[in-house]
2 protein chains.
Amino acid sequence: MTPDIVSGVTQPPPRRPRKRSATRSVTLSDVAAAAGVSAQTVSRVVRDPMSVSDETRARVQAALTATGYVPNLAASNLASNRSRTVAALVPQINASVFADTVHAFSTALAAHGYQIFVGTTDYRPEHEEEVLRSFLGRRPDGLLVVGTRHTPGTLTLLGAAGVPVVETWGWSEDPVDLLVGFSNAAAAAAMVDHLVRRGRRRITFAGRHTSGDPRAAERLDGYHGAVRDLLGSEPRTVDAGPEPVTMDTGVALLDLALERYPDSDAVMFSSDVFAAGALQACVRRGVDVPGTLALAGFGDFELARHLVPALTTVAVPSVRIGELSAELLLTRMRGATVDVPHRDVGYRVVAREST
Amino acid sequence: MTPDIVSGVTQPPPRRPRKRSATRSVTLSDVAAAAGVSAQTVSRVVRDPMSVSDETRARVQAALTATGYVPNLAASNLASNRSRTVAALVPQINASVFADTVHAFSTALAAHGYQIFVGTTDYRPEHEEEVLRSFLGRRPDGLLVVGTRHTPGTLTLLGAAGVPVVETWGWSEDPVDLLVGFSNAAAAAAMVDHLVRRGRRRITFAGRHTSGDPRAAERLDGYHGAVRDLLGSEPRTVDAGPEPVTMDTGVALLDLALERYPDSDAVMFSSDVFAAGALQACVRRGVDVPGTLALAGFGDFELARHLVPALTTVAVPSVRIGELSAELLLTRMRGATVDVPHRDVGYRVVAREST
DNA sequence: AGCGCTATCGCTAGCGCTAACAACAGTCTC
DNA sequence: GAGACTGTTGTTAGCGCTAGCGATAGCGCT
């Protein structure tokens with residue numbers, strides 16, 4: 001059987017086949033052998049069943065279930081240069097409005113066969129860069145990030161990724177690519193306006209604006225501007241520093257605000273979580289809300305309307321942001337162009353009992 | 001140069017090289033060329049820098065940053081048959097104690113170079129199977145699932161995955177593999193015991209136990225047993241059906257409980273979210289809690305201790321579950337054996353003002 | 001000098017899949 | 001009946017990386 005050695009040509013030394021750690025799982029070829037077709041045909045059945053004949057499809061599908069085939073997406077990604085995944089980078093996922101955005105985003109993209117992987121930055125910009133870098137190793141077909149302010153390193157990575165990017169939950173005159181958001185500054189200013197209309201004059205802003213939450217910092221800017229324009233008085237602000245976004249921190253912020261500005265007649269927080277903690281502390285201490293002190297939050301969590309008194313807050317279309325982001329990203333991933341790549345989804349001051 | 005054609009063998013027609021969509025990104029070979037070494041050496045620098053000489057390492061690392069190389073993990077997975085990822089399957093991620101578990105799990109594993117991807121089942125068992133299937137396509141090195149009751153299809157997939165699996169947040173005499181949890185039934189029984197000690201006799205259980213939340217169903221079982229043993233009376237239960245786990249649903253459950261069992265002197269809910277909604281509704285309506293009606297939740301969310309009156313609940317070591325799961329999984333992924341593969345982390349009834 | 005050892009680096013052959021063709025049968029057109 | 005076209009399947013050559021060697025140089029020892 002073995003053909004003669006061609007004279008003059010030195011035969012390569014006989015190699016025993018390398019042993020590789022045998023993969024335990026069923027491959028396309030296994031299914032192909034079982035169905036009596038080529039691997040390519042099985043691949044077609046998996047990805048686009050209508051591209052093969054009825055008879056073949058039935059046979060392959062039977063083999064597919066019989067063998068319990070699970071496609072190896074790493075191999076698929078490598079061969080096709082498409083990962084069918086989208087990465088989302090959010091500051092925090094638990095107990096947060098970002099969860100609604102991510103959920104809507106995820107659902108909309110899942111309907112088109114995309115998987116989403118979510119990374120949290122814990123409000124630390126340098127961590128954002130690290131997480132982004134490790135995510136890019138999976139070669140996502142698109143990216144969603146929360147916020148419009150990024151480190152130079154992050155901007156470089158986003159640019160070099162070569163895929164569509166949506167920035168969300170903020171507004172910018174100079175976005176990286178796509179943008180679905182609203183002006184945090186305008187929203188905070190609208191809240192100040194609401195409080196002023198309700199007769200408040202000594203409004204304190206309490207947030208976590210110095211330690212890596214650019215949205216809170218933007219809201220602070222809006223507060224500053226509105227206080228200057230509407231009241232002409234000095235701003236009054238307290239900051240939670242690096243404390244986590246919890247109700248406990250909200251109580252601490254309230255104490256800080258009342259200590260530093262004892263004559264405050266309103267405190268507006270950079271998050272409903274803070275405001276909810278402060279509100280319950282007031283109820284417990286017998287402080288009359290809104291009689292003595294008005295309180296307002298940001299985000300319109302479900303909790304806000306259930307609290308007694310119900311919490312005034314700024315509603316942001318979190319779900320809409322997720323849906324719209326998915327829509328724009330899908331268009332771009334299909335290779336089409338997006339006519340209006342920057343979308344302002346707005347906000348809404350929801351006046352309730354706490355003011 | 002071209003060797004003569006062997007007679008009788010027809011030469012294959014000359015092919016022009018196939019064009020593949022040129023990948024835009026920097027590869028190992030690009031870096032290798034820039035550093036004047038082989039691709040293999042660059043790979044070594046990336047994965048285990050100490051395995052090359054100081055001089056070479058410095059040169060390669062310079063090339064690495066100069067080119068902006070980002071490794072292609074799909075190719076790495078394929079070649080090494082290891083994905084350095086772990087998949088986690090939870091019912092819901094937002095506003096939930098599972099978020100704490102996932103966060104702790106994720107942090108512990110990230111320290112060892114693993115990435116976690118999280119899938120949510122929305123409390124739909126059939127969805128669990130689907131999500132699991134698509135996750136297995138990424139060939140995770142380990143799996144975490146919430147719960148110990150699974151569909152036959154899920155069990156098959158878990159078994160066939162060939163990687164370590166941790167079940168969490170439940171207890172079972174017959175786990176798939178590893179287990180880090182506690183008995184939901186015992187926890188619910190302990191809550192009944194607590195309520196009985198506080199003098200309650202007409203205790204109603206309100207939950208979402210018929211539609212895909214096995215934990216709630218287990219808690220219901222524990223309630224049944226405890227009511228039989230301690231009170232000898234008929235169980236009183238109301239069910240939310242497929243409604244989402246929200247505070248709104250909690251209010252609806254309260255109404256249902258009071259309509260069906262108007263003489264209830266205590267309502268225990270299968271989640272703090274439900275209990276919080278119900279509690280605030282009582283406050284708003286002027287129902288005396290705990291004077292007229294005692295309310296209890298499950299999970300010990302941060303909210304529970306801030307509410308007025310503070311909510312009695314069952315504290316579960318969510319963070320510990322995540323940490324311990326990561327620990328056991330890491331041991332198994334290293335190839336070592338776990339001495340005690342099933343760990344009961346316990347629970348704790350936290351008595352507060354609402355009872 | 002000759003031997004065995006270690007440290008360092010390169011070469012080769014895949015991992016499982018899909019893009020880009022090629023091959024062929026059947027259908028339609030003039 | 002030749003030519004063009006369509007639908008279906010197979011063949012080939014990678015995608016970017018790493019396992020498993022092999023090759024080489026430098027070292028200490030006999």
Side-chain angles (χ1 to χ4, degrees), chain A residues 12-33 35-60 64 67 69-84 136-139, chain B residues 12-33 35-60 64 67 69-84 136-139:
Chain A
R15 302 177 160 285
R16 44 213 156 101
R18 309 283 175 87
K19 270 205 302 262
R20 282 220 119 160
S21 56
T23 163
R24 53 199 175 283
S25 48
V26 180
T27 71
L28 265 192
S29 329
D30 295 335
V31 181
V37 296
S38 74
Q40 180 63 234
T41 298
V42 180
S43 171
R44 286 191 185 104
V45 172
V46 171
R47 287 180 299 149
D48 181 14
M50 284 310 139
S51 64
V52 301
S53 68
D54 294 356
E55 197 261 342
T56 308
R57 178 167 2 100
R59 207 142 40 88
V60 171
L64 241 22
T67 53
Y69 174 72
V70 177
N72 185 325
L73 298 182
S76 170
N77 298 354
L78 190 58
S80 67
N81 202 27
R82 299 187 50 216
S83 65
R84 290 231 155 237
L136 289 181
R138 307 212 171 270
R139 299 291 189 272
Chain B
R15 306 176 157 284
R16 45 213 155 104
R18 310 280 176 90
K19 269 202 307 255
R20 281 221 122 158
S21 58
T23 162
R24 55 200 173 280
S25 50
V26 181
T27 71
L28 267 192
S29 328
D30 296 334
V31 181
V37 295
S38 73
Q40 180 62 232
T41 299
V42 179
S43 172
R44 286 189 186 105
V45 172
V46 171
R47 287 180 298 149
D48 180 15
M50 285 308 137
S51 64
V52 302
S53 69
D54 294 356
E55 198 261 341
T56 307
R57 180 168 358 104
R59 207 141 41 88
V60 171
L64 240 22
T67 53
Y69 174 70
V70 177
N72 184 325
L73 298 181
S76 171
N77 298 354
L78 190 58
S80 68
N81 202 26
R82 299 187 49 215
S83 66
R84 290 232 155 235
L136 289 181
R138 307 210 171 270
R139 300 291 189 269

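No experiment lies behind these values; they were computed from the predicted model shown. So that the names make sense, note that chain A is the first sequence line, chain B the second, and so on, each numbered from 1.
- Each of dC9(C), dG10(D), dC17(D) was ranked by its minimum atom distance to the side chain of S76(B); first place goes to dC17(D).
- Between Y69(A) and V42(A) there is no side-chain heavy-atom pair separated by less than 4.5 Å.
- Distance from the side chain of T56(B) is smallest for dC9(C) among the nucleotides dC15(D), dT9(D), dC9(C).
- Taking atom CD of residue E55(B) and atom P of nucleotide dA7(C), one finds them 19 Å apart after rounding to whole Å.
- For the pair L78(A) CG and dC15(D) C1', the computed distance is 4 Å after rounding to whole Å.
- If you check dG10(C), dT8(D), dC17(C) against the side chain of S53(A), the one that comes closest is dT8(D).
- dT8(D) atom P lies 11 Å from atom CE of M50(A), rounded to whole Å.
- In this structure, CZ of R84(A) is placed 17 Å from P of dC17(C), rounded to the nearest angstrom.
- Taking atom CG of N81(A) as the reference point, atom C1' of dG14(D) lies 12 Å away to the nearest angstrom.
- In the set dC17(C), dG10(D), dC15(C), dC17(C) carries the atom at the smallest distance from any side-chain atom of Y69(A).
- Heavy-atom distances to DNA chain C give each of R59(B) and A75(B) a nearest nucleotide, and the one nearer the 5′ end belongs to R59(B).
- Listed for the N77(A) side chain is no donor-acceptor partner under 3.5 Å among the backbone atoms of A74(A).
- Rounded to a whole Å, the CZ atom of R139(B) is 17 Å from the C1' atom of dC17(D).
- A distance-only check finds a donor-acceptor pair linking the side chain of R57(B) to the backbone of P49(B) [under 3.5 Å].
- For dG10(C), one of the phosphate oxygens OP1 or OP2 lies less than 4.0 angstrom from a side-chain nitrogen or oxygen of T41(B).
- Each of R82(A) and A74(A) lies near DNA chain C, and the nucleotide nearest A74(A) is the one positioned closer to the 5' end.
- The side chain of Q40(A) has dT11(D) as its nearest neighbour among dC17(D), dT18(D), dT11(D).
- With both pairing distances under 3.5 Å, dT30(D) is matched to dA1(C) as a Watson-Crick or G-U wobble pair.
- Rounded to an integer number of Å, the gap from D54(B) CG to dA7(C) P is 14 Å.
- Across dT18(C), dG20(D), dC15(C), the shortest atom-to-atom separation from the side chain of R44(B) is found for dG20(D).
- Between S38(B) and dC9(C) there is no side-chain polar atom (N or O) within less than 4.0 angstrom of OP1 or OP2.
- Taking 4.5 Å as the limit, every side-chain heavy atom of V45(A) sits out of range of all side-chain heavy atoms of R59(A).
- Separating the CG atom of L28(B) from the P atom of dA19(D) is a distance of 12 Å, rounded to the nearest angstrom.
- With rounding to the nearest 0.5 Å, the separation of CZ in R139(B) from OG in S25(A) is 4.0 Å.
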